Amino acid sequence: MWNFFEHQPGRTLVDPIEEAFFSSESDDENARHLVRESIQNSLDARLGHETVKVRFTFGELRDEFVNELFEGLSDHLGAKGSGLLAPPPVNRGMRFLAIEDFGTTGLVGDPDQLQDYDNDSEDNFFYFWRNVGRSGKRAGTLGKWGLGKTVFPASSRINTFFGLTRRPDDSASYLLGRCDIKTHQLNGSQYDPYGYFARWDNGKPMAISEPIRINRFQEAFHLARDDDARYGKGDIPGLSIIIPHVVDEFNVAMLRQEVIENYFWPILKGDLVIEVQENYRTPPETTMDAEWMRKEIDSPVFRQENRELADTIRLAVWANTEQRTPARVNQPTQSTPKWDDETILNEADLNELIDLDRDSEPFSIRIPVWVRPATGPPLSTWFTVYGQHVPYTTRRRSYLVRQGISVRRACAINPPHRVFLVVVENGPLADLMGFAENPSHTNFERTDAIKQGYQRGAMNTIGFVTSSPNAIVRMLDAQDEDSAASLFNNIFWKVPQPSAEPQPRRRKRVVQTGETVSPTVVVKRRVTPFFLEKSRDGFHVRDNTEREREIETIIIKAGFEGGRGDPIKRHSKFDFDFHDLKSSGLSLERSGCDPDIVSSNEVRLNDLQDGFTFRIVGFDTKRDLTVRATPRMAKG
């Protein structure tokens, strides 16, 4: 039955705050946290090299089970100060979500343990049920905060969840339930926030292990851990989480989308299979394995709604099937890494990558890095970057995968017309980044674990990883970005040598005497692809009909001179705003192009036709205007 601890006079009153780490006004965000944290826990508990299977099943609890599973809870849910404004009744209409994993160890450790011990024994059971904000996970696991289990009560309209585990070592099953509300008053007494569904022994909540009660519980929620032909014999190892009165908005489509975005990498590697179904009486509506993932990203509906994600996952498919040896960046010194002249590829690899990028073929680069713990010598490790050119303007962030889980906001927006996938599999770098992840695993922060466990510069090492897509693009671009940005200057191109075979890109080399020798390069002035002309109160961009290549798009940025720093970066929308030309006193004329306003001082010209023109006038003639135009040339 359910019971809460009475508050002891003199002790500090505390309301749980851990839910704030996952709070959001968006149901999609809450579903994302639930999917991420539950699957993460299952992957951390992987049994040997077994494929981890996680099953999400919605259902309705039958009335005959309500009294025995919720006896003693209703009064506390409706008590003064519980924090639940209008808790639903527990005696009818209870929609639940069951999350079950297979191929895992379940919750190992002593189920009777009630206090922390300073030893290295596995005590996941203790940390899962008896702790909040504390984790027993060691290095090499996905989760570090000990807050992930908070998503289970946060996904329930009555802040309640159950857990049934079976372990491979002792073949025993254990059941507990917990309700996380606030310090509350009931019948003249004050109660602490946490209540338990348990076997109460001298006022202590102990795990239920009686086979009759375990079987009754499995029957109530139709658990696959009870004899199910799809998973082999009954009572197989793993963990089943049940969320009663699950948030109404959660559904199969929402969970499926979050699985795709967050766990495509381990699914494609064959480490993870996900099942989702709306009704336990029917077969799973979706079995998400590697084969399903490959078909899904090629479906017209998915590509239309998730084009950039589909291309990123296709890149991951290539990464898990391609046998090509990745290019390798030079081994850096043991100091904090940074992208500079030392961080370069050898000439052969660079030439190959330039050709692959030009041909829109996928490529991979293995990048070594040093991690410096607070004690002991620096540790050599590495990560891999996969990339590919795409024929559209990219708008999403590059994906970074740490040990199978996507860290969603770690990298910047993909460089123009490229998708990138940064993968940190295992080792010292994965541990460092795991300790730096924020509670919801969406970004990196300088946590206490980083301050205490690593030397200064640890966050710079992480920044080196997250900035790698943009750094690689700078290495690959054949023409100087600054020269291309200002069309007041001429553009120079190398002349290809007359040969049946393409000539490798030539770089400076150092001969044995130490003398630097520059290669002889024949250079001619290339025809400017278009003209950028200033007028008295604006500027004019027009086509050069003698250009030698097609232009894919042009980025135009403007800003007033004056003061310190770059006038483009220092721009204020109070100077002028391309989004509101009329209020800014500006007028726009265009022909043969489709302008897309990017920001208050930036416009992108798309769909450029022969003879195109673009003009903006009306700027303040008493101020000096700086205009920069950056072309993106079509391939070929």
Side-chain angles (χ1 to χ4, degrees), residues 304 307-308 311 357-358 360 389-396 413-419 473 477-493 525-560 567-569 571 573 575-621 625-636:
Q304 182 178 359
R307 177 174 57 173
E308 204 165 331
D311 285 335
D357 182 61
R358 182 183 300 116
S360 297
H389 188 279
V390 292
Y392 53 84
T393 302
T394 47
R395 299 183 184 276
R396 299 183 62 144
I413 299 296
N414 276 314
H417 295 276
R418 270 103 166 184
V419 292
V473 168
D477 281 344
Q479 70 182 42
D480 187 299
E481 199 170 80
D482 291 335
S483 297
S486 176
L487 292 183
F488 295 108
N489 299 327
N490 292 316
I491 301 176
F492 293 84
W493 300 80
R525 187 180 301 260
R526 183 161 183 158
V527 177
T528 300
F530 61 87
F531 300 104
L532 173 62
E533 301 167 336
K534 285 189 176 182
S535 63
R536 186 183 66 86
D537 63 343
F539 63 90
H540 182 200
V541 178
R542 60 183 178 87
D543 191 13
N544 184 352
T545 56
E546 297 181 358
R547 56 184 162 83
E548 300 173 4
R549 295 173 62 191
E550 295 296 321
I551 307 173
E552 188 173 284
T553 187
I554 300 174
I555 296 291
I556 301 172
K557 300 180 181 181
F560 283 128
I568 305 294
K569 296 180 179 179
H571 168 75
K573 67 179 181 180
D575 290 335
F576 58 85
D577 188 350
F578 288 165
H579 287 294
D580 191 354
L581 294 171
K582 184 176 181 180
S583 297
S584 300
L586 305 177
S587 61
L588 181 154
E589 300 175 8
R590 51 105 174 183
S591 174
C593 62
D594 181 18
D596 178 20
I597 306 301
V598 178
S599 68
S600 61
N601 70 327
E602 179 179 345
V603 59
R604 178 186 293 110
L605 303 186
N606 302 312
D607 299 330
L608 298 165
Q609 308 298 319
D610 290 341
F612 70 85
T613 64
F614 177 81
R615 183 194 308 270
I616 297 183
V617 296
F619 292 95
D620 186 351
T621 57
L625 180 68
T626 292
V627 180
R628 297 173 188 165
T630 305
R632 173 70 186 182
M633 307 305 295
K635 293 191 177 293

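The model shown is predicted, which means the values in this text are computed figures rather than measured ones.
In terms of modelled atom types and a separation under 3.5 Å, the side chain of Ser600 and the main chain of His579 share no donor-acceptor contact. Side-chain atoms of Asn601 never come within 3.5 Å of backbone atoms of Lys557 as a donor-acceptor pair (strictly under, hydrogens ignored).
In terms of heavy atoms, Pro595 sits closest to Val603 at CB-CG2, 3.9 Å. For Tyr392 against His417, the heavy-atom pair with the smallest separation is O-ND1, 3.0 Å. Considering every non-hydrogen atom in both Pro631 and Phe530, the closest pair reads CB-CE2, 3.7 Å. When all heavy atoms of Gln609 and Asp543 are compared, the closest pair comes out as O-OD2, 4.1 Å. Closest approach of Thr394 and Pro415 over heavy atoms only: OG1-O, 2.9 Å. When all heavy atoms of Met633 and Glu550 are compared, the closest pair comes out as CE-O, 3.6 Å.
With a 4.5 Å cut-off on side-chain heavy atoms, Leu532 and Val627 count as touching. Side-chain contact between Cys593 and Leu608 is present, with heavy atoms from C-beta onward closer than 4.5 Å. Residues Arg536 and Thr621 are in side-chain contact: their nearest non-hydrogen atoms beyond the backbone lie under 4.5 Å apart. His540 has its side chain out of reach of Phe531: every pair of non-hydrogen atoms, C-beta onward, lies at least 4.5 Å apart. Two residues are said to be in side-chain contact when any heavy atoms from C-beta on lie closer than 4.5 Å; Val541 and Arg615 fail this criterion. With a 4.5 Å cut-off on side-chain heavy atoms, Phe612 and Asp607 do not count as touching. Using a 4.5 Å cut-off on side-chain heavy atoms (C-beta onward), Asp610 and Arg547 make contact.
To the nearest 0.5 Å, atom CZ of residue Arg395 and atom CG of residue Asn414 are 12.0 Å apart. Distance check, rounded to the nearest 0.5 Å: OG of Ser584 to CG of Asp620 gives 11.5 Å. Between atom CG of residue Asp596 and atom OG1 of residue Thr553 there is a gap of 8.5 Å, rounded to the nearest 0.5 Å. Here the CD atom belonging to Glu308 is positioned 8.0 Å from the CD1 atom belonging to Ile413, to the nearest 0.5 angstrom. Taken from CG in Asp311 to OG in Ser360, the straight-line distance is 10.5 Å, to the nearest 0.5 Å.
Ring-plane geometry between Phe539 and Phe614 is classed as tilted, the angle between the planes lying from 30 to 60 degrees on a 0 to 90 degree scale. Between Phe560 and Phe619, the ring planes are perpendicular. Angles over 60° get that label, and only those under 30° would be called parallel.
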- Item | Step-by-step side chain to side chain contact (heavy atoms under 4.5 Å, CB included) determination, Leu605 to Ile556 | CA-CA 8 Å; Leu605 303 186; Ile556 301 172; 3.8 Å; yes
- Task: Show the numbers, then the answer: is there a side chain to side chain contact (heavy atoms under 4.5 Å, CB included) between Arg418 and Asp357?
- Result: CA-CA 9 Å; Arg418 270 103 166 184; Asp357 182 61; 2.6 Å; yes
- Message: Determine whether Leu586 and Phe578 satisfy the following criterion, side chain to side chain contact (heavy atoms under 4.5 Å, CB included), listing intermediate values before the conclusion.
- Response: CA-CA 8 Å; Leu586 305 177; Phe578 288 165; 4.0 Å; yes
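Salt-bridge annotation for Asp580 and Lys573: absent, with no side-chain N of the basic residue lying under 4.0 Å from a carboxylate O of the acidic one. Ion pair Glu533/Arg542 flagged as a salt bridge, since at least one NZ, NE, NH1 or NH2 atom sits closer than 4.0 Å to an Asp/Glu carboxylate oxygen.
In summary, of the residues considered (Ile597, Ile555, Asp594, Ile554), a side chain to side chain contact (heavy atoms under 4.5 Å, CB included) with Arg604 occurs for Ile555 alone.
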